[in-house]
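Just below is one structure, and these are the notes that go with it.
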Amino acid sequence: MLALQSIRDDPDAVRQALARRHTDVPLDEIIALDGRWRSTLQQVESQRSERNALSKEIGGLARMTTDERVARREQKHAAHRRDDLVARSAFLGEKLESLESQLKEMEARLRDLLLQVPNLPDPDVPDGEGEEDNVVVRQAGEEYRDGWRLAHWELGERLGIIDFERGAKLSGSRFFVLKGAGARLQRALIQWMLDFHTERGYQEVYPPAMVKEECMWKGGWLPKFAENMYHDAEEDYWWLPTAEVALTNLHSDEILEPDTLPLHYVAYTPCFRREKVSAGRDVRGIKRVHQFDKVELYKFVPPERSAEELDKLVADAEAVCRALGLPHRVSRLCAGELGFNAAMSYDIEVWAPGCEEWLEVSSCSSCTDFQARRAAIRFRRQKGGRPEHPHTLNGSGLALPRTVIAVLENYQQPDGSVAVPEVIRPYMGGVDVFPSQ
RNA sequence: GGAGGGGUGGCAGAGUGGUUGAAUGCGGCGGUCUUGAAAACCGCUGUCCGACUUGUCGGACCGGGGGUUCGAAUCCCUCCCCCUCCGCCA
């Protein structure tokens with residue numbers, strides 16, 4: 001959520017920044033409504049102030065009428081005056097009631113509008129509308145093709161480690177079953193990644209996989225992505241589309257004490273997405289599925305450190321690719337490609353030489369104070385200091401099924417077997433190759 | 001799922017429907033005293049919103065929402081959460 005104050009201060013700057021996203025935002029309605037809201041608020045508050053003063057006086061008079069020490073005559077006088085004030089207060093109350101209900105309506109509408117506005121792109125984000133405008137900032141390894149490599153769906157089936165038919169039998173399309181060494185490989189990757197990031201200073205977190213609807217609003221996933229998430233029909237449970245939601249909300253409605261920032265978290269969770277928006281795309285293989293696992297990195301940092309921390313976050317995700325020996329590239333997203341919460345993002349893609357495409361395995365973003373404001377997360381620099389909103393950053397480190405794809409396709413041997421990356425072997429119980437069947 | 005108990009400031013804990021943003025204690029910050037520290041004493045010590053002379057004024061907040069009333073932390077309804085006991089269960 002943007003600060004209303006920043007829109008008031010410089011509406012044109014906000015308008016121009018949002019225009020770079022190429023989406024419609026109800027900014028004019030917000031500005032107009034805010035003006036009406038403030039003038040109504042002033043009326044309401046001055047009337048409340050008047051009523052409070054009357055109440056105080058009524059209270060004093062009421063006490064006089066029952067006080068034995070007060071003369072009969074004066075009690076009578078006080079009672080009259082009290083009745084008079086009560087009548088005035090009642091009249092005031094009626095006027096207030098209608099103003100207050102107007103005010104409430106405006107507040108609800110204003111909030112509703114404000115929640116639809118995405119974050120402002122950082123000035124350093126390149127212009128552009130689509131994927132083709134993203135800027136590759138560095139690449140390690142080649143986008144190689146050598147003819148004989150199988151795509152993971154074929155390779156996985158031949159090795160007996162990915163079972164699409166049974167996945168579909170259990171749950172339908174876009175579900176899969178991993179077996180034997182495949183299941184083991186994914187588990188090994190998860191465990192290795194958690195250890196990897198923990199050693200680099202992230203604290204491991206195991207959050208719930210279902211959260212309240214409120215968390216989706218606070219995390220910036222509602223209202224925009226309602227179509228893409230699963231939720232319980234009877235109870236207020238929403239399945240995580242990413243651990244990011246849980247991690248954002250870890251500190252919602254909190255004021256963090258001095259010296260608690262920065263906070264670096266790493267969480268492994270399953271993630272659930274409807275993929276309604278992408279219906280028909282990537283239906284083969286395990287690239288785009290309804291349930292997948294992900295190791296997520298998340299940071300809460302003081303605003304002045306977010307740029308530096310974003311670079312480090314990207315570096316940490318890249319380090320995973322490097323350690324696994326996967327060809328990868330990093331690109332800075334253009335303004336039109338930024339997610340709703342993000343002010344700046346880098347995507348990390350690994351090369352999959354079997355299906356011959358770049359796979360997005362991580363998207364690292366700075367959400368500036370946007371999520372923190374939505375979720376009411378604040379911190380103090382010193383004891384008793386003014387609370388401020390921290391910046392929040394998130395990124396995958398990495399998304400699993402796609403990493404599994406990349407490992408299988410990059411490490412397959414001409415004889416049909418698949419080697420296990422060096423760093424993963426200790427987690428595979430000594431297995432260093434999946435033999436061809 | 002059944003029965004009962006409870007949600008008040010950073011914590012503990014008061015609070016007959018009317019000068020209660022809220023007693024008191026602890027903690028924290030500042031000061032006096034002291035060579036220094038402790039003790040003692042004194043003062044300060046929440047969050048959000050609005051207005052403008054930017055320092056002050058006003059408003060809101062006692063789990064959430066609604067109601068009664070001239071006026072609600074206090075009364076009523078409803079929801080949520082926590083605790084205890086019983087049942088069930090990985």
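Throughout, protein chains are lettered first and strands after them, A, B, ... in sequence-line order, and every chain is numbered starting at 1.
Separation of the P atoms belonging to B/U53 and B/A72 is 33 Å when rounded to the nearest angstrom. Comparing the P positions of B/A23 and B/A14 gives a spacing of 14 Å, expressed to the nearest Å. Comparing the C1' positions of B/A3 and B/U8 gives an interatomic distance of 27 Å, to the nearest angstrom. The P atoms of B/G18 and B/A12 are separated by 27 Å, rounded to the nearest whole Å. Across the P atoms, B/U19 and B/G13 are found 26 Å apart, a figure rounded to whole Å. B/G65 and B/G7 have their C1' atoms separated by 16 Å, with the value rounded to a whole Å. When the P atom is compared between B/G59 and B/A22, the two are found 13 Å apart, to the nearest whole Å. The separation of B/U68 from B/C49, taken at their C1' atoms, amounts to 28 Å, rounded to a whole angstrom.
By the ring pair (Phe, Tyr, Trp, His ring centres under 6.0 Å) test, A/Tyr298 is found to be paired with A/Phe300, residues two or more places apart in sequence or in another chain being considered. The salt bridge (Lys or Arg N to Asp or Glu O under 4.0 Å) search around A/Arg200 returns A/Asp316, not counting sequence neighbours. For A/Phe91, there are no ring pair (Phe, Tyr, Trp, His ring centres under 6.0 Å) partners, not counting sequence neighbours. Applying the ring pair (Phe, Tyr, Trp, His ring centres under 6.0 Å) test to A/Tyr411 and every residue at least two apart in sequence or in another chain returns nothing. Every residue was checked against the ring pair (Phe, Tyr, Trp, His ring centres under 6.0 Å) condition with A/Phe292, not counting sequence neighbours, and none meets it.
A/Asn52 has its CG atom 13 Å from the C1' atom of B/U20, to the nearest Å. Here the C1' atom of nucleotide B/A60 and the CG atom of A/Leu103 are 11 Å apart, to the nearest Å. Atom CD of A/Gln382 and atom C1' of B/G30 are 16 Å apart (whole Å). Rounded to an integer number of Å, the gap from A/Leu96 CG to B/G71 C1' is 12 Å. Straight-line distance from the CD atom of A/Glu100 to the P atom of B/G59: 13 Å, rounded to whole Å.
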Using distance only, find each side-chain donor-acceptor pair of residues 274-285 of chain A under 3.5 Å and give its atom names and separation, not counting sequence neighbours.
{"from": "A/Arg274", "atom 1": "NE", "to": "A/Met229", "atom 2": "O", "distance (Å)": "2.8"}
{"from": "A/Glu275", "atom 1": "OE1", "to": "A/Arg288", "atom 2": "NH1", "distance (Å)": "3.4"}
{"from": "A/Ser278", "atom 1": "OG", "to": "A/Arg288", "atom 2": "NH1", "distance (Å)": "3.4"}
{"from": "A/Asp282", "atom 1": "OD1", "to": "A/Lys287", "atom 2": "NZ", "distance (Å)": "3.4"}
{"from": "A/Asp282", "atom 1": "OD2", "to": "A/Arg288", "atom 2": "NE", "distance (Å)": "2.9"}
{"from": "A/Asp282", "atom 1": "OD2", "to": "A/Arg288", "atom 2": "NH2", "distance (Å)": "3.1"}

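Between A/Gly60 and A/Lys212, it is A/Gly60 whose nearest contact on RNA chain B lies nearer the 5' terminus. Take the nearest nucleotide of RNA chain B for A/Lys56 and for A/Val44: the residue whose nucleotide is more 5' is A/Lys56.
Between the side chain of A/Arg273 and the main chain of A/Pro241, a donor-acceptor pair closer than 3.5 Å is present. A/Arg187 places no side-chain N or O within 3.5 Å of a backbone atom of A/Tyr427 that could act as its donor or acceptor partner.
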>> How would you summarise protein contacts on nucleotides 61-70 of chain B per nucleotide, using B for base, S for sugar-phosphate only and - for none, with heavy-atom distances below 4.0 Å?
In response: -----S---B
> So what does the secondary structure string of RNA chain B come out as, 5' to 3', with Watson-Crick or wobble pairs under 3.5 angstrom, [ ] for crossing and | for pairs with another strand?
Replying inline: ((((((((.[[[..)..(.....]]]((((((.......))))))(((((((..))))))).[[[[[..)....]]]]])))))))....
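When the options A/Asp124, A/Asn119, A/Leu120 are evaluated for a side-chain contact (heavy atoms from CB on, under 4.5 Å) with A/Asp122, the one that passes is A/Asp124.
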Short heteroatom pairs, N/O only, protein and nucleotides 43-50 of chain B, under 3.5 Å:
{"from": "B/U47", "atom 1": "OP1", "to": "A/Arg380", "atom 2": "NH1", "distance (Å)": "2.9"}
{"from": "B/U47", "atom 1": "O3'", "to": "A/Arg378", "atom 2": "NH1", "distance (Å)": "2.9"}
{"from": "B/C48", "atom 1": "OP1", "to": "A/Arg378", "atom 2": "NH1", "distance (Å)": "2.7"}
{"from": "B/G50", "atom 1": "OP1", "to": "A/Arg8", "atom 2": "NH1", "distance (Å)": "2.7"}
{"from": "B/G50", "atom 1": "OP1", "to": "A/Arg8", "atom 2": "NH2", "distance (Å)": "3.2"}

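Applying the side-chain hydrogen bond (donor to acceptor under 3.5 Å, both in side chains) rule to pairs touching residues 73-83 of chain A yields A/Glu57-A/Arg81, sequence neighbours excluded. Screening residues 32-51 of chain A for salt bridge (charged side-chain N to carboxylate O under 4.0 Å, His left out) gives A/Arg8-A/Asp34, A/Asp34-A/Arg38, A/Arg48-A/Glu100 as the qualifying pairs, with residues at least two apart or on separate chains. Sorted by first and then second residue, the side-chain hydrogen bond (donor to acceptor under 3.5 Å, both in side chains) pairs involving residues 156-166 of chain A (not counting sequence neighbours) are A/Glu154-A/Arg158, A/Asp163-A/Arg166, A/Asp163-A/Lys179.
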